[in-house]
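To find a chain, count down the sequence lines: A is the first, B the second, and so on, and within it residues start at 1.
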Number of protein chains: 2
Amino acid sequence: MKYAAVVTQNDDGWTIPLVAIAVDLVILTIRSAALHVLLVERAEMPYEGKPALPGGFLATESEDLDTAAARELTEETGLRAEWLHLEQLRTYGTPNRDPRGRVVSVSYLAIVPDLPEPEAGGDASDANWMPVRQVLRRRAGLAFDHDRILTDGLEHARRKLEHTTLATAFCPPQFTVTELRNVYEIVWGVRLDHRNFYRKVTGTRDFLVPTGTQTKQHGGRPAALFRRGTATALYPPILRGSST
Amino acid sequence: MKYAAVVTQNDDGWTIPLVAIAVDLVILTIRSAALHVLLVERAEMPYEGKPALPGGFLATESEDLDTAAARELTEETGLRAEWLHLEQLRTYGTPNRDPRGRVVSVSYLAIVPDLPEPEAGGDASDANWMPVRQVLRRRAGLAFDHDRILTDGLEHARRKLEHTTLATAFCPPQFTVTELRNVYEIVWGVRLDHRNFYRKVTGTRDFLVPTGTQTKQHGGRPAALFRRGTATALYPPILRGSST
DNA sequence: CCCATTTTGCGTCAACATGACATGAAGTCT
DNA sequence: AGACTTCATGTCATGTTGACGCAAAATGGG
């Protein structure tokens, strides 16, 4: 990357540094009973060949940040952002976080239901779902400061499960109470009492809407299927470290 | 503001827009039983003469975002950032939010105890504490998209009172339970039962540390003085819309 | 077909937290 | 001294949570 110029001036003659803006995505899903994050293998220097979060620079001078995040999400997963949970996380701007120069990265958190297969597309040479535990076990596993971004995104998601209905974003359009409980158990890494959990979520207004249908058999009593309700906040919350 | 250059190129010949980075601060305090926010009057175009949140561009190519926020806070209030609560809020990058060109703004939330007087310094022509209610009553009261940033910062602060010990950041080093309750009542705009509140906060481990001293008289029974404890999270939380 | 197994859905009960409110304690003001 | 103010503690009914029992409804093996 070559900079044609890195500063500009305001009317008083002050010099103002100009920087490149990147968006980086923490895209989480649950696959085979484990939390997974979508990673790409970097095709260019720096960190060539290293795994990294999907992301990239603003495409044009007039592209909005949220638009850029939605575009990257679609490029990497083939999913339309309108149907998914996509929210801004926070911004990382440490001067030397990118060896090519000053890059400020705006990170986003995306939650998607279990997908058939990742679709390697866009400028990424390769896109793969990786278990989060495995990625975070070894330090410096990801390019740039993406280990930190992933850690922050994970903590953000864990916290939001407590007092919002975010967990349903991991689920398909119709799901059972047990599937929803599995989301909590897998993301938090705890065991919850299934009877108390059932009482809690079915008793929270507008959290779940019964569809009237049931699951097909798979070795036990059929379960009722639900859709997401209109609620977004949970009062009272479901606290971690409880066995609700 | 004149741009010497607005784009650069990566190795593939892609063009990457370069943008200016600003930090904007939502600095909240409580004065005369009302929530106040620090505003400056803009000395330059655009929005000359309009009130705005304190903030500014990165000073140098190598300045960190958090450092820039701390610098602006010190310039506007004279307070050392190390002693205060200062955290990143979120980032605003709508293409036309600044008529001078593409500016991405990283907002920060600062909570400070009641100060003797605002110290107009730095590049702001004027700095004043303004009641938040009054500022938000009229639409488009602030320059740029600062109404939106203020609204977001306020909601963020209100939410954090519920499950963190952030409220103590509004208080001086030593404070009474009633002073702490006033923080909740003023920020949330509700009335809380003082007896239940007392039971709750004194019963939460590491929230308050008794100093053994008492307040001087002011027309009632002297109150015990406390310092902040080591706790940062509140389990269980203090929920809004309750009368804890 | 009968029975063990699995998973769902509902019920019970003690422990704890909360909402509402009474009352005593320790000062000031007139 | 008595009225008034604010602080601190206590009481009690109600609601939520944690732990766990158990019946309902399916599957699969002998």
Send over the distance from [X] [atom1] to [N] [atom2], rounded to a whole Å.
X      : N      : atom1 : atom2 : result
A:F197 : D:dG18 : CZ    : P     : 13 Å
B:Y235 : D:dT17 : OH    : C1'   : 16 Å
B:L208 : D:dC7  : CG    : C1'   : 15 Å
B:L239 : D:dT16 : CG    : P     : 12 Å
A:D193 : C:dT7  : CG    : P     : 15 Å
A:N182 : C:dT7  : CG    : P     : 11 Å
A:H194 : D:dG21 : NE2   : P     : 11 Å
A:N196 : C:dC13 : CG    : P     : 16 Å

Assign each of A:T176 and B:P236 the nucleotide of DNA chain C bearing its closest heavy atom; nearer the 5' end lies the nucleotide of A:T176
Any residue in residues 221-233 of chain B with a heavy atom nearer than 4.0 angstrom to DNA chain C? Just list them by number, or reply none. B:R221, B:P222
Charged N to carboxylate O below 4.0 Å: is that the case for A:E162 and A:R240? yes
Is the phosphate of [N] approached by [X] (side-chain N or O, under 4.0 Å from OP1 or OP2)?
X      : N      : answer
B:Y198 : D:dC7  : no
A:K200 : D:dT17 : yes
B:T178 : D:dT6  : no

Base of D:dA8, side chain of B:R195 - is there a donor-acceptor contact under 3.5 Å? no
Donor-acceptor pair (no angle test) under 3.5 Å: B:R199 side chain, D:dG10 base: no
Here the side-chain hydrogen bond (donor to acceptor under 3.5 Å, both in side chains) pairs for residues 83-92 of chain A, sequence neighbours left out, are A:H85-A:E87, A:E87-A:H156, A:E87-A:K160, A:T91-B:T91, A:Y92-A:D152
Of all residues at least two apart in sequence or in a different chain, which pass the side chain to side chain donor-acceptor pair (under 3.5 Å) check with A:R133? none
May I ask you to check whether A:Y184 and A:F197 place their ring centres under 6.0 Å from each other? yes
Run B:V135 and B:L142 through side-chain contact (heavy atoms from CB on, under 4.5 Å) and show every step you take. CA-CA 8 Å; B:V135 173; B:L142 301 183; 3.9 Å; yes
With no hydrogens and no angle check, do the side chains of B:T213 and B:T211 hold a donor and an acceptor under 3.5 Å apart? yes
Does a donor on one side chain and an acceptor on the other come within less than 3.5 Å for A:S105 and A:D24? yes
So which one's nearest nucleotide on DNA chain D is more toward 5', B:T215 or A:G219? B:T215
